[in-house]
Amino acid sequence: MEMEAVKLEQIVMKWYPDMLSFLKQQELDSVIVLRDGLGILEADDALDIIHHSILEHQSPEVLH
């Protein structure tokens with residue numbers, strides 16, 4: 001399978017749609033490159049990607 005670029009929103013909608021309202025639009029619009037595509041992404045991996053994306057978008061002033 002080839003790499004696939006998807007928006008974080010697609011990952012959230014597939015695995016954790018209840019989290020959609022907790023994420024900022026900027027986070028949801030993030031492009032994520034999946035090595036083996038969305039079709040074989042597992043729930044645990046999806047959660048890791050969501051978590052990492054949230055951390056990437058946090059303002060440095062918020063972190064202490």
Side-chain angles (χ1 to χ4, degrees):
M1 179 158 272
E2 294 185 22
M3 289 193 286
E4 180 180 3
V6 299
K7 286 189 176 185
L8 182 67
E9 184 174 18
Q10 291 175 269
I11 296 171
V12 173
M13 290 300 295
K14 180 175 180 172
W15 291 107
Y16 299 99
D18 54 320
M19 293 178 69
L20 194 60
S21 64
F22 297 105
L23 297 168
K24 299 174 188 170
Q25 192 60 48
Q26 180 184 9
E27 294 163 342
L28 294 170
D29 289 339
S30 299
V31 176
I32 309 296
V33 177
L34 301 172
R35 180 181 55 209
D36 297 318
L38 187 62
I40 65 167
L41 185 67
E42 296 183 8
D44 289 342
D45 295 329
L47 191 56
D48 286 343
I49 291 169
I50 294 166
H51 179 249
H52 182 71
S53 182
I54 291 169
L55 291 177
E56 284 291 317
H57 285 93
Q58 284 187 346
S59 171
E61 294 87 38
V62 175
L63 301 176
H64 296 281

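Values reported hereafter were calculated over all heavy atoms of this structure, with side chains retained and with hydrogens, waters and symmetry mates removed.
- When side chains are defined from C-beta on, S30 does not count as touching K7, because their heavy atoms never get closer than 4.5 Å.
- Here CG of D45 is found 9.0 Å from CZ of R35. Values are rounded to the nearest 0.5 Å.
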- Item | Test side-chain contact (heavy atoms from CB on, under 4.5 Å) applied to I49 and L41, step by step | CA-CA 10 Å; I49 291 169; L41 185 67; 3.9 Å; yes
- Message: Assess the residue pair I54 and L23 against the criterion (side-chain contact (heavy atoms from CB on, under 4.5 Å)); give the C-alpha distance rounded to whole Å, side-chain angles, the decisive distance to 0.1 Å, and a yes or no.
- Response: CA-CA 8 Å; I54 291 169; L23 297 168; 3.4 Å; yes
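- Remark: S53 pairs with no residue by the side-chain hydrogen bond (donor to acceptor under 3.5 Å, both in side chains) rule, at least two apart or across chains.
- We find the CD-CG distance between E56 and L8 to be 12.0 Å, quoted to the nearest 0.5 Å.
- At a threshold of 4.5 Å between non-hydrogen side-chain atoms, the residues Q26 and L28 do not count as touching.
- Within 6.0 Å of CD on E42 lie no more than 12 heavy atoms contributed by other residues, nucleotides or ligands.
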With a cut-off of 3.5 Å and sequence neighbours excluded, list every side-chain donor-acceptor pair involving residues 11-18.
residue : atom : partner : partner atom : Å
K14     : NZ   : L38     : O            : 3.2
Y16     : OH   : A43     : O            : 3.1

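- For the side chain to side chain contact (heavy atoms under 4.5 Å, CB included) test, residues two or more places apart in sequence or in another chain that qualify with V31 are A5.
- Looking only at distances, a side-chain donor or acceptor of E27 sits under 3.5 Å from a matching main-chain atom of K24.
- Counting heavy atoms from C-beta outward, M19 and L47 have side chains that approach closer than 4.5 Å.
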